[in-house]
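In what follows, a structure is listed as structure tokens, so that the remarks can point back to it.
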Amino acid sequence: MNENKNVNSAEETGAEIKSIDEILGGMTSPNVKEGHKAGFVNIVGNPNVGKSTLMNDLVGERVSIITSKAQTTRHRIMGIVNTPAYQIVFSDTPGVLKPKYKLQESMLEFSEGALTDADVLLYVTDVVEDPTKNADFLARVAKEDVPVLLVINKIDLLKGQDDLIAIVDRWKALLPKAEIFPTSALERFNTSNLMKRIVELLPVSAPYFGKDALTDKPARFFVTEIIREKILLNYDKEVPYSTEVIVEKFEEKPGSIHIMAVVYVERDSQKGILIGKGGSMLKRVGMESRKDIETFFGKRVFLELFVKVEPNWRNRENKLKAFGYVE
């Protein structure tokens, strides 16, 4: 099996951010105040409506990668907000779609699973989406007993108030029990009111995670997501959807991190496009990824990227298990 390698040495960024321990948090045993609230707030909806942008805004950290392409989010990703009075465990989920291969079946299972363990559901749509899209999933949301907050995102794209009123009326008929929050996650409009309502709806409970935790994902996961984001941003058509990234080496030292990652594709032709002439495209992905990884960890990063062909991995159960999509 052929492979191509791209090595990027890093420069000091001087970024002042949390250490990895602070980012990932620890399972501590906090002194919980009487009346402390905690709960799971799951974000669901169709692809490309701004779920990840909303998640990052509500969490206050860049937990989910964001691109303009549909199917950017593949996993269920938790982002945890802590104060002395409450803990909110947000979950960003893949966009709901009709699966064409086994990977998408797993993605849909992540979204459907979010309906079963939520204390509060955020159903996210936007001002251009057809409300009848994926009507079966929407019907399930309408039957849920937990509070549902309908987030109508991207209202900054509307021309006037009358357009918003028409959209709200349409959604009231589809989700009559839902509370409606017109927002612009990109502009951070009305998200503070949404957050306030979420806190009001939380049940009284001890925290589920350590009070310094931000996410349930390990460090390697965020490396793979950053690399995958750069692939989504730099390539078109089928190539970014046929790739998966696995970190095979993550060696952390006091002032630096050495990372070796493999980008899997399904065909030799995709490999050639991913690498580019003389390795130019892969080098670009590596440089852009390294900069963001350095910012994320606040350390100098040495990144090695390899490309390997794994035919039809999106439909192979053993590969989906190895890549973390199937238990």
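As the structure is a computational prediction, the values presented were derived from the model and not from experiment. Just the heavy atoms: all of them, side chains too, but no hydrogens, waters or symmetry mates, feed the values below.
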For the pair Glu238 and Arg267, find out whether any cationic side-chain nitrogen is under 4.0 Å from an anionic carboxylate oxygen. no

Looking at Asp268 and Val309, would you say the former's side chain and the latter's main chain have a donor-acceptor pair under 3.5 Å? no

Residues 114-123 vs salt bridge (charged side-chain N to carboxylate O under 4.0 Å, His left out), sequence neighbours excluded, gives Arg76-Asp117

Within this structure, what is the CG-CE distance for the pair Leu97 and Met107, rounded to the nearest 0.5 Å? 5.5 Å

Give a yes or no on whether Leu194 and Met55 share a hydrophobic cluster (residues Ile, Leu, Val, Met, Phe, Trp, Tyr; joining criterion: side-chain heavy atoms under 4.5 Å apart). yes

Answer whether the closest heavy-atom distance between the side chains of Glu225 and Ile77 falls below 4.5 Å. yes

Non-hydrogen side-chain atoms of Val245 and Ile231 separated by less than 4.5 Å: yes

Between Asp57 and Ala185 (side chain of the first, backbone of the second, donor and acceptor by atom type, cut-off under 3.5 Å), is there such a pair? no

Do Phe90 and Ile198 have side chains that get closer than 4.5 Å, going by heavy atoms? yes

Sequence neighbours excluded, which residues qualify as side chain to side chain donor-acceptor pair (under 3.5 Å) partners of Thr116? none

Taking 4.0 angstrom as the limit, do Glu252 and Lys299 come out as a salt bridge? yes

Sequence neighbours excluded - side-chain hydrogen bond (donor to acceptor under 3.5 Å, both in side chains) pairs with any residue from residues 162-181: Glu179-Arg197

Sequence neighbours excluded, which residues qualify as salt bridge (Lys or Arg N to Asp or Glu O under 4.0 Å) partners of Glu129? none

Side chain proximity check, Leu115 to Arg140, heavy atoms < 4.5 angstrom: yes

Heavy-atom pair with the smallest gap, counting every atom of Asn234 and Glu288: ND2-OE1, 2.9 Å

Contact summary for Pro147 and Leu201, nearest pair of heavy atoms: CB-CD1, 3.8 Å

Check whether any side-chain heavy atom of Asp292 lies under 4.5 Å from a side-chain heavy atom of Phe296, and answer yes or no. no

Could you list all the salt bridge (charged side-chain N to carboxylate O under 4.0 Å, His left out) pairs where at least one residue sits in residues 83-101, not counting sequence neighbours? none

Donor-acceptor pair, side chain of Arg290 and main chain of Leu303, under 3.5 angstrom: no

Heavy-atom nearest pair, Leu202 first then Ala38, reads CD2-C, 4.3 Å

Is a side-chain N or O of Thr215 found less than 3.5 angstrom from the main chain of Met78, in a donor-acceptor match? yes

Atom CD1 in Ile80, atom OG in Ser91: separation rounded to 0.5 Å? 9.0 Å

Are Glu109 and Tyr325 close enough, and set up right, to give a side chain to side chain contact (heavy atoms under 4.5 Å, CB included), and what steps lead you there? CA-CA 10 Å; Glu109 286 177 6; Tyr325 292 104; over 6 Å; no

Among all residues two or more places apart in sequence or in another chain, which pass the side chain to side chain contact (heavy atoms under 4.5 Å, CB included) test with Ser256? Lys253, His258, Arg300, Phe302

Going by side-chain contact (heavy atoms from CB on, under 4.5 Å), Leu108 matches just one of Thr93, Val96, Leu103. Which one? Val96

Do Leu175 and Leu164 share a hydrophobic cluster (ILVMFWY, side-chain heavy atoms under 4.5 Å, transitive)? yes

Go through the steps for Ile88 and Val199 under the test side chain to side chain contact (heavy atoms under 4.5 Å, CB included), then give the verdict. CA-CA 8 Å; Ile88 309 174; Val199 173; 4.0 Å; yes

Salt bridge (Lys or Arg N to Asp or Glu O under 4.0 Å) with Glu244: which of Arg74, Arg228, Lys308, Arg316? Arg74

When rounded to the nearest 0.5 angstrom, what distance separates CG in Leu305 from CG in Leu282? 5.0 Å

Applied to residues 40-49, the salt bridge (charged side-chain N to carboxylate O under 4.0 Å, His left out) test, sequence neighbours excluded, yields none

Transitive ILVMFWY side-chain link Val128 to Leu138, under 4.5 Å: yes

Do side-chain atoms of Lys211 reach the backbone of Tyr86 as a donor and acceptor pair under 3.5 angstrom? yes

Can you check whether Leu274's main-chain N or O pairs, donor with acceptor, with Tyr235's side chain at less than 3.5 Å? yes

Using the side chain to side chain contact (heavy atoms under 4.5 Å, CB included) criterion, which residues pair with Thr72? Sequence neighbours excluded. Ile65, Thr67, Lys69, Leu232

Ser184 backbone acceptor or donor facing Asp156 side chain under 3.5 Å: no

Approximate separation, where rounding is to 0.5 Å, of Tyr123 OH and Asn46 CG: 4.5 Å

How would you list all residue pairs meeting ring pair (Phe, Tyr, Trp, His ring centres under 6.0 Å) that involve residues 37-58, not counting sequence neighbours? Phe40-Tyr208

Which heavy-atom pair separates Ser106 from Leu320 by the least distance, and what is that distance? OG-CD1, 4.4 Å

Does Lys217 use its side chain to pair, donor to acceptor, with the backbone of Phe222 at less than 3.5 Å? no

Going by the rule side chain to side chain donor-acceptor pair (under 3.5 Å), which residues pair with Gln104 if we only count those two or more places apart in sequence or in a different chain? Gln71, Tyr101

Do Val44 and Leu54 belong to the same hydrophobic cluster, where Ile, Leu, Val, Met, Phe, Trp and Tyr are linked whenever their side-chain heavy atoms lie under 4.5 Å apart, directly or via other members? no

Do Thr183 and Ile155 come within less than 4.5 Å of each other through their side chains, counting heavy atoms only? no

Does Lys102, at its NZ atom, have more than 12 non-hydrogen atoms belonging to other residues, nucleotides or ligands within less than 6.0 Å? no

Given 3.5 Å as the limit, does a donor-acceptor pair link the side chain of Gln87 with the main chain of Phe209, or not? yes

So which heavy atom on Ser289 is nearest to which on Ile226, and how close? O-CG2, 3.8 Å

Selection residues 141-155 - residue pairs positive for salt bridge (charged side-chain N to carboxylate O under 4.0 Å, His left out), sequence neighbours left out: Asp126-Lys154

Kindly write out the residues that satisfy ring-ring contact (aromatic ring centres under 6.0 Å, His included) with Phe221, not counting sequence neighbours, or none if the list is empty. His75

What's the spacing between Ile275 CD1 and Met281 CE if we round to 0.5 Å? 11.5 Å

Cluster link Leu121 to Val49, ILVMFWY, side chain under 4.5 Å: no

Residues Leu58 and Val81: closest non-hydrogen pair is O-CG2, 3.7 Å

Could you tell me whether the side chain of Glu294 and the main chain of Val301 form a donor-acceptor pair under 3.5 Å? yes

Once you round to the nearest 0.5 Å, how far does OG1 of Thr125 lie from CD1 of Ile167? 8.5 Å

